[in-house]
Amino acid sequence: MVVDIRGYDIEVGSLIRYGATGTVSKVVDFKEEDNQNWVKLEEPGLWYRADSLEIISEDDLNEFESDFDTKDAVEKLKEAQLDLADAVNDMQGCEGGG
């Protein structure tokens, strides 16, 4: 039996949230390694220790997605990073005469 951080049973297809990053996905596989239970998430396709995950409901998922759209947030961060890089390049290109 594989359980989440609160002791709830995890099954293939369960909705899971990884608290450290807020990643939300579905469970696709399990394994046991070094006496630890591991859960593979559909997205991003990585393995997580079961005791670091939390089962969530469809209602939780809908609420979470309405509060924070991950794809939009990532795109905004990318744009902000490019804008910042352009600004830094512009500042470094300005040299004072003397």
Side-chain angles (χ1 to χ4, degrees):
M1 175 173 36
V2 179
V3 296
D4 74 351
I5 195 167
R6 297 179 295 167
Y8 295 121
D9 292 342
I10 301 174
E11 300 174 0
V12 171
S14 295
L15 287 173
I16 294 287
R17 177 174 33 226
Y18 177 54
T21 62
T23 299
V24 175
S25 190
K26 286 187 179 180
V27 175
V28 295
D29 201 2
F30 299 104
K31 71 177 178 179
E32 185 178 333
E33 191 173 285
D34 298 326
N35 296 320
Q36 294 289 328
N37 288 315
W38 294 83
V39 176
K40 186 174 185 180
L41 300 184
E42 185 175 54
E43 289 295 325
L46 300 174
W47 291 93
Y48 295 84
R49 278 185 40 179
D51 61 2
S52 68
L53 302 172
E54 176 184 23
I55 292 178
I56 62 172
S57 69
E58 288 283 340
D59 291 338
D60 292 334
L61 179 63
N62 293 334
E63 182 179 317
F64 178 77
E65 286 180 344
S66 68
D67 288 345
F68 183 75
D69 183 357
T70 305
K71 287 183 180 180
D72 286 344
V74 168
E75 288 303 317
K76 287 179 184 177
L77 285 171
K78 286 180 181 178
E79 289 173 18
Q81 183 181 16
L82 290 173
D83 291 344
L84 179 60
D86 288 343
V88 168
N89 286 337
D90 287 346
M91 287 187 313
Q92 289 175 344
C94 297
E95 296 181 19

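Bear in mind the structure is a predicted one, so any value in this text is a computation, not a measurement.
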Counting only pairs under 3.5 Å, give me each side-chain donor-acceptor contact of residues 44-54, with atom names and distances, residues two or more places apart or in other chains.
from, atom 1, to, atom 2, distance (Å)
Arg49, NE, Gln36, OE1, 3.2
Arg49, NE, Asp51, OD1, 3.1
Arg49, NH2, Gln36, OE1, 3.4
Arg49, NH2, Asp51, OD1, 3.2
Arg49, NH2, Asp51, OD2, 2.6
Ser52, OG, Arg49, O, 2.7

What donor-acceptor contacts under 3.5 angstrom involve side-chain atoms of residues 3-12, with partners at least two apart or in another chain?
from, atom 1, to, atom 2, distance (Å)
Asp4, OD1, Arg6, N, 2.9
Asp4, OD1, Gly7, N, 3.0
Asp4, OD1, Tyr8, N, 2.8
Asp4, OD2, Ile55, N, 2.9
Arg6, NH2, Ile55, O, 2.7

Notebook entry, point to check: Of all residues at least two apart in sequence or in a different chain, which pass the salt bridge (charged side-chain N to carboxylate O under 4.0 Å, His left out) check with Glu32?
Noted result: none
Item checked: Minimum side-chain heavy-atom gap Ile56-Val24 below 4.5 Å -> yes
Notebook entry, point to check: Can you check side chain to side chain contact (heavy atoms under 4.5 Å, CB included) on Lys26 and Leu15, steps first, answer last?
Noted result: CA-CA 5 Å; Lys26 286 187 179 180; Leu15 287 173; 3.6 Å; yes
Checklist line | Any side-chain heavy-atom pair of Val27 and Leu41 under 4.5 Å | finding: yes
Margin query: With ring pair (Phe, Tyr, Trp, His ring centres under 6.0 Å) as the rule and sequence neighbours excluded, what pairs involving residues 21-40 come up?
Written below: none
Notebook entry, point to check: With sequence neighbours left out, which residue pairs that include part of residues 36-47 fulfil the salt bridge (Lys or Arg N to Asp or Glu O under 4.0 Å) condition?
Noted result: none
